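Note on naming: letters A, B, ... go to the chains in the order of the sequence lines (proteins, then strands), and numbering restarts at 1 for each one. All values derive from a computational prediction rather than experimental measurement.
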Protein chains: 4
Amino acid sequence: MSANGQERQPSRSFIEEARREQIVASAIAVIAEHGYPAATMGRIAQHAGVSRSLINYHFAGREDLIGQLVVDVFTRGAQAIVPRVETASTPAERLAAYIGANLDFIAGNRRDIVALVRVAAALDTADGLPGVDPAGADQGLEYLRRILRDGQDAGQFAAFDVHQMAVAVRNVIDGVSTQVATDPNLDLAMVTREVAALFHRATRDTGE
Amino acid sequence: MSANGQERQPSRSFIEEARREQIVASAIAVIAEHGYPAATMGRIAQHAGVSRSLINYHFAGREDLIGQLVVDVFTRGAQAIVPRVETASTPAERLAAYIGANLDFIAGNRRDIVALVRVAAALDTADGLPGVDPAGADQGLEYLRRILRDGQDAGQFAAFDVHQMAVAVRNVIDGVSTQVATDPNLDLAMVTREVAALFHRATRDTGE
Amino acid sequence: MSANGQERQPSRSFIEEARREQIVASAIAVIAEHGYPAATMGRIAQHAGVSRSLINYHFAGREDLIGQLVVDVFTRGAQAIVPRVETASTPAERLAAYIGANLDFIAGNRRDIVALVRVAAALDTADGLPGVDPAGADQGLEYLRRILRDGQDAGQFAAFDVHQMAVAVRNVIDGVSTQVATDPNLDLAMVTREVAALFHRATRDTGE
Amino acid sequence: MSANGQERQPSRSFIEEARREQIVASAIAVIAEHGYPAATMGRIAQHAGVSRSLINYHFAGREDLIGQLVVDVFTRGAQAIVPRVETASTPAERLAAYIGANLDFIAGNRRDIVALVRVAAALDTADGLPGVDPAGADQGLEYLRRILRDGQDAGQFAAFDVHQMAVAVRNVIDGVSTQVATDPNLDLAMVTREVAALFHRATRDTGE
DNA sequence: CATGAATGAGAGTTCATTCAT
DNA sequence: AATGAATGAACTCTCATTCAT
């Protein structure tokens with residue numbers, strides 16, 4: 001029998017958990033280095049130094065593995081970002097914290113982010129696949145929308161469409177991920193300042 | 001002897017040109033409807049009502065076909081956008097015109113844009129593929145950078161990093177393409193107003 | 001595109017028809033010689049001297065190929081048997097003709113029969129697969145039942161259960177196929193006499 | 001060191017014997033319910049509630065397990081059938097007893113029989129496998145042949161070929177197993193009467 | 001200009017089996 | 001006595017591409 005399965009076994013052995021993480025890490029590495037289409041089970045296994053079968057032993061299949069990868073990076077991202085946002089008090093500070101925390105996370109997890117972006121691009125391209133967005137992404141967006149809505153309610157932000165502004169913020173952040181994928185030497189500190197300033201100007205209420 | 005080839009044969013017969021366009025159009029349709037991974041040569045051929053072999057006769061291979069697709073949409077986009085930008089006089093108007101023209105083109109060519117976005121996502125992911133960006137995209141960015149630089153030189157725009165602002169504008173615009181791919185009923189007129197306003201506020205010099 | 005497909009194309013090219021028959025023949029040969037489980041696509045292709053892909057080009061998949069095999073042998077069998085039964089006039093003669101024609105067909109098509117029997121055994125073992133029986137086999141049985149029923153109605157046959165007798169006749173005949181599969185030197189002429197005599201005695205009305 | 005092996009270790013511990021029977025029973029259950037091809041080691045282990053490895057610990061391999069299954073059912077069958085035949089005195093009665101005992105055993109052990117039939121079908125199909133027949137089946141047949149030969153010697157049976165008649169009897173009986181596998185509601189009492197009557201008429205000497 | 005026939009490479013998955021613990 | 005972890009072989013199928021016609 002395999003160690004994975006439809007029915008979640010509540011407890012996974014230590015060694016299994018380690019292998020799963022190792023394999024997910026290999027998937028991230030291969031995707032970041034060679035691109036999503038090149039991330040075949042064979043290459044991932046090779047990178048992990050294990051047999052192809054072992055991946056199918058620990059995961060229900062390719063889809064399951066990729067799904068775990070997304071959950072993995074997503075979860076770590078949320079854990080890094082949310083606390084920082086929560087420490088800020090005013091909406092404007094929260095927005096800046098959101099942007100800063102996101103870009104810091106990108107800076108500290110370049111490969112993971114590159115992999116995530118590429119997977120996301122490939123997944124929402126798929127025919128019938130629900131991808132990861134409907135649940136995860138929209139939940140992330142809502143978090144951002146709330147910050148913006150709070151700012152408008154507090155009279156600190158201008159009268160823009162909250163959803164479109166949130167989408168813009170996310171697109172710019174995600175775009176930085178892509179930049180990172182292309183240029184490994186990108187000065188993320190500078191980028192953070194610029195992006196934060198951009199949206200500071202774009203959101204503040206100037207009484208116009 | 002084949003009619004395609006890396007080395008551009010200066011003249012292509014009328015019927016050949018027609019076939020090429022027909023096939024590119026089919027590729028666009030299939031990618032837009034079923035996603036990039038599902039866009040196999042077989043399905044594209046089927047949609048075009050021709051044999052698979054014919055695609056290989058008219059194009060040097062899959063890569064060539066996709067490349068032509070990108071060039072095709074890109075070229076049409078540039079032809080629609082540049083003239084509108086040129087009619088505007090001040091940098092702020094030119095920026096607004098750039099955004100408006102882009103989103104109008106997206107609105108009027110939803111399927112082409114969806115296909116382009118999906119291809120781009122898959123391509124910059126590819127291993128050794130040069131993609132289409134290095135040449136095309138950077139050229140497009142430079143056009144945008146010049147608008148912004150002119151605005152700063154004229155003292156109308158604030159002191160932001162020109163490259164990062166240009167990237168942000170493009171990412172927001174490209175993000176709209178993705179939104180269009182997901183939600184076919186998106187109100188693009190509203191989106192255009194919001195995006196234009198966003199970058200108007202983000203770029204203007206407020207003397208701060 | 002492949003030459004097979006869900007939608008039956010009414011006309012198949014000559015060369016295609018030839019290839020299909022050749023591949024089916026190879027499948028029969030491999031199954032007869034090495035058994036059904038050993039009849040992988042690879043071995044069938046190898047026996048036919050073609051590539052594995054070609055089988056998938058001409059057939060929709062393994063299932064389709066095996067299905068064609070069954071239909072093929074079944075059809076040839078019916079064409080060999082029915083006419084001979086029809087020339088007989090009395091039910092007893094028709095029953096004898098049925099048995100004789102069946103065993104003659106088995107004798108003349110040993111390998112095909114062996115393959116058919118093995119496939120049938122493997123198929124009706126499969127979990128959800130309808131196999132080939134529901135349609136084909138029951139239709140064959142009904143043919144036999146009619147002969148027996150006619151004999152009873154005409155007062156020539158004893159009062160046995162028609163269905164069970166028909167099943168018995170078929171099982172004995174199919175058993176001979178299995179014997180043939182095991183012992184290639186079986187004297188089928190003798191077997192034919194014995195089986196015919198057996199069912200002659202078993203069916204005739206002795207007024208008991 | 002494993003507890004199984006080709007070389008029979010004279011004594012098997014109690015617990016080991018219990019495990020072996022449990023596993024064989026699970027194999028029977030899985031084959032009867034899901035068919036032979038679906039009866040993988042994994043599914044058998046799962047049904048038995050043990051690990052896959054344990055099966056390989058108690059048996060020399062898949063082949064060994066299946067072989068034990070056949071021997072198991074075969075042995076139980078012989079133990080149920082032979083005594084009943086031995087109580088009968090005349091050859092005709094013995095033949096009837098043989099048929100009746102066989103069908104009764106089938107009736108009382110439907111699942112085991114279904115599994116046995118399916119395994120047999122798959123096995124005599126196998127490439128190099130000796131199957132179980134050469135030894136077991138022929139021994140069973142010989143038992144039947146002796147009954148028939150005795151009947152002819154005693155002048156009670158007609159002058160048919162003893163081997164072919166024996167084969168026919170077995171095929172009809174085995175065919176009933178297949179019927180049982182297909183139709184769980186089969187009226188076996190009726191079938192027993194019909195089959196017994198069939199071979200009574202087919203074997204008796206009518207002085208023709 | 002266009003096609004049908006054919007191929008080879010490679011993908012994901014399943015399975016019986018082994019081995020250290 | 002029993003297991004979890006791991007493997008290697010094999011299988012079916014898809015796809016871009018080639019070539020003779």
Side-chain angles (χ1 to χ4, degrees), chain A residues 1-3 12-16 18-19 37-45 49-65, chain B residues 1-3 13 15-16 18-19 37-45 49-65, chain C residues 1-3 12-16 18-19 37-45 49-65, chain D residues 1-3 13 15-16 18-19 37-45 49-65:
Chain A
M1 263 317 82
S2 68
R12 262 194 268 265
S13 85
F14 173 72
I15 187 166
E16 166 156 20
R19 269 280 190 248
T40 67
M41 299 295 264
R43 259 187 279 265
I44 294 169
V50 301
S51 69
R52 267 202 310 283
S53 326
L54 191 62
I55 302 186
N56 278 304
Y57 175 70
H58 285 294
F59 297 88
R62 180 174 219 275
E63 240 174 84
D64 185 29
L65 169 59
Chain B
M1 183 154 298
S2 73
S13 85
I15 186 165
E16 169 156 16
R19 272 283 192 239
T40 66
M41 299 294 261
R43 258 186 280 265
I44 294 170
V50 301
S51 72
R52 264 175 314 179
S53 321
L54 192 61
I55 301 186
N56 277 297
Y57 175 74
H58 283 294
F59 297 88
R62 177 173 221 275
E63 243 173 80
D64 185 29
L65 168 60
Chain C
M1 262 316 78
S2 68
R12 261 194 268 265
S13 84
F14 174 72
I15 187 167
E16 165 155 22
R19 270 280 190 247
T40 67
M41 300 294 264
R43 259 188 278 266
I44 294 170
V50 300
S51 70
R52 267 201 310 284
S53 327
L54 192 61
I55 302 186
N56 278 306
Y57 175 71
H58 284 294
F59 297 88
R62 180 174 219 275
E63 241 175 83
D64 185 28
L65 169 59
Chain D
M1 182 154 296
S2 72
S13 85
I15 187 166
E16 168 155 14
R19 272 282 192 241
T40 67
M41 300 294 262
R43 259 187 279 265
I44 293 170
V50 301
S51 71
R52 264 176 313 180
S53 320
L54 193 62
I55 302 185
N56 277 296
Y57 175 72
H58 284 294
F59 296 88
R62 178 172 222 274
E63 241 173 82
D64 184 29
L65 168 59

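- Nearest heavy-atom pair across C:M41 and C:G61 is CE-C, 4.2 Å.
- Of the two residues contacting DNA chain E, namely C:G49 and B:V50, the nearest-nucleotide position lying further toward the 5' end is that of B:V50.
- Of the inter-residue distances, the one linking C:R19 atom CZ with C:R12 atom CZ reads 15.0 Å to the nearest 0.5 angstrom.
- Each of D:I15 and A:L54 lies near DNA chain F, and the nucleotide nearest D:I15 is the one positioned closer to the 5' end.
- At distances below 3.5 Å, at least one donor-acceptor pair connects side-chain atoms of D:R43 with backbone N or O atoms of D:A38.
- C:E16 CD to C:Y57 OH: the interatomic distance, rounded to the nearest 0.5 Å, is 6.5 Å.
- The nearest whole Å value for the distance from the CZ atom in A:R12 to the P atom in F:dT3 is 20 Å.
- Note on C:H58: a side-chain N or O is less than 4.0 Å away from OP1 or OP2 of E:dA6.
- Secondary-structure annotation of DNA chain E gives the stems E:2-21 with F:2-21, with a stem taken as at least 3 successive Watson-Crick or G-U pairs whose two distances both fall under 3.5 Å.
- Within the 4.0 Å cut-off from OP1 or OP2 of E:dA2, at least one side-chain nitrogen or oxygen of B:R19 is found.
- Distance CD1 (C:I55) to C1' (F:dC11): 13 Å, rounded to an integer number of Å.
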Check: What string of B, S and - do you get for nucleotides 14-21 of chain F 5' to 3' if you count protein non-hydrogen atoms under 4.0 Å?
Finding: BSBBB---
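- One atom, CZ of C:F59, and another, C1' of F:dT12, lie 16 Å apart when rounded to the nearest Å.
- Atom CD1 of A:I55 sits about 10.0 Å away from atom CZ of A:R62, to the nearest 0.5 Å.
- Distance A:Y57 OH to F:dA5 P: 4 Å, rounded to the nearest Å.
- A heavy-atom distance below 4.5 Å is not found between the side chains of B:S53 and B:N56.
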